[in-house]
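See below for the structure under consideration.
The basis for the numbers below is simple: all heavy atoms, side chains too, and nothing from hydrogens, waters or symmetry mates. Position 1 is the first residue of the sequence, and the numbers go up from there.
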Amino acid sequence: MTEPVVTMVTPGQNSSSSNFTVSLIVPHADQTSPIQPSDPLVYLNPFPKMTAYVRHFSGYAFGDDWAENAATLASALDNATISYHKDFYYTAEYNSVFQPVFRHNEVWLIKSD
């Protein structure tokens, strides 16, 4: 498995109406000619250049953990009057589920122009 596993979250009225797009990062050595997926539901989608504001936290992360950390980061950016996209955020998980300690998780809010 690649790391991090990145998920774009577009919040809905509740967690069941939110949209989640999961991305696996292609290793640097394979980025010039990545293997093409055989399943039409799986596709390559290059990340555009972007500036991300990041908050990291540890432990096993579940739905509310991501949303709470995104809200904490959003509040800090709002207090500093920094512009960012408010309609979505990213999560990044860096550890295997089999690693119980020293876990690293991030939420990303993307700078808006």
Exceeds 12 heavy-atom contacts within 6.0 angstrom, atom OH of Tyr43 = no

With a cut-off of 6.0 Å (strictly less than), are more than 12 heavy atoms of other residues, nucleotides or ligands near CG of Asp113?
-> no

Flag side-chain contact, heavy atom, 4.5 Å: [X] against [Y]:
| X | Y | answer |
| --- | --- | --- |
| Val107 | Val54 | no |
| Ser23 | Thr7 | no |
| Val9 | Trp66 | no |
| Thr91 | Phe20 | no |

Okay, side chain of Ser17, backbone of Gln13: is any donor-acceptor separation there less than 3.5 Å?
-> yes

Verify, without hydrogens or angle tests, whether Asn79 (side chain) and Ala76 (backbone) share a donor-acceptor contact under 3.5 angstrom.
-> no

If I take atom [atom1] from residue [X] and atom [atom2] from residue [Y], how far apart are they, to the nearest 0.5 angstrom?
| X | Y | atom1 | atom2 | value |
| --- | --- | --- | --- | --- |
| Ser75 | Arg55 | OG | CZ | 10.0 Å |
| Glu68 | Leu73 | CD | CG | 14.0 Å |
| His85 | Leu109 | NE2 | CG | 10.5 Å |

Using residues 97-106 as the side-chain source, report each donor-acceptor pair under 3.5 Å to any protein atom, sequence neighbours left out, with the distance given to one decimal.
unit_1: Gln99; atom_1: OE1; unit_2: Asn95; atom_2: ND2; d: 3.0
unit_1: Gln99; atom_1: NE2; unit_2: Val101; atom_2: O; d: 3.0
unit_1: Gln99; atom_1: NE2; unit_2: Phe102; atom_2: O; d: 3.2
unit_1: Arg103; atom_1: NE; unit_2: Gly59; atom_2: O; d: 3.4
unit_1: Arg103; atom_1: NH1; unit_2: Ser96; atom_2: O; d: 2.7
unit_1: Arg103; atom_1: NH1; unit_2: Gln99; atom_2: O; d: 2.8
unit_1: His104; atom_1: NE2; unit_2: Glu106; atom_2: OE2; d: 2.8
unit_1: Asn105; atom_1: ND2; unit_2: Phe57; atom_2: O; d: 3.4
unit_1: Asn105; atom_1: ND2; unit_2: Gly59; atom_2: O; d: 2.7
unit_1: Glu106; atom_1: OE1; unit_2: Tyr94; atom_2: OH; d: 3.0
unit_1: Glu106; atom_1: OE1; unit_2: Trp108; atom_2: NE1; d: 2.8

Check: residues 24-34 side-chain donor-acceptor pairs under 3.5 Å, at least two apart:
unit_1: Gln31; atom_1: NE2; unit_2: Val26; atom_2: O; d: 2.9

Under a 4.5 Å side-chain heavy-atom rule over Ile, Leu, Val, Met, Phe, Trp and Tyr, are Ile82 and Tyr89 clustered together?
-> yes

Could you tell me which residues satisfy side-chain hydrogen bond (donor to acceptor under 3.5 Å, both in side chains) with Asp78, sequence neighbours excluded, listed by chain and number?
-> Tyr84, Lys86

Taking all non-hydrogen atoms of both residues, which atom of Pro11 and which atom of Asp87 are closest, and how far apart?
-> CD-O, 3.6 Å

Under the side-chain contact (heavy atoms from CB on, under 4.5 Å) rule, what do Val6 and Phe47 come out as? Steps first, then yes or no, please.
-> CA-CA 11 Å; Val6 177; Phe47 272 95; 3.8 Å; yes

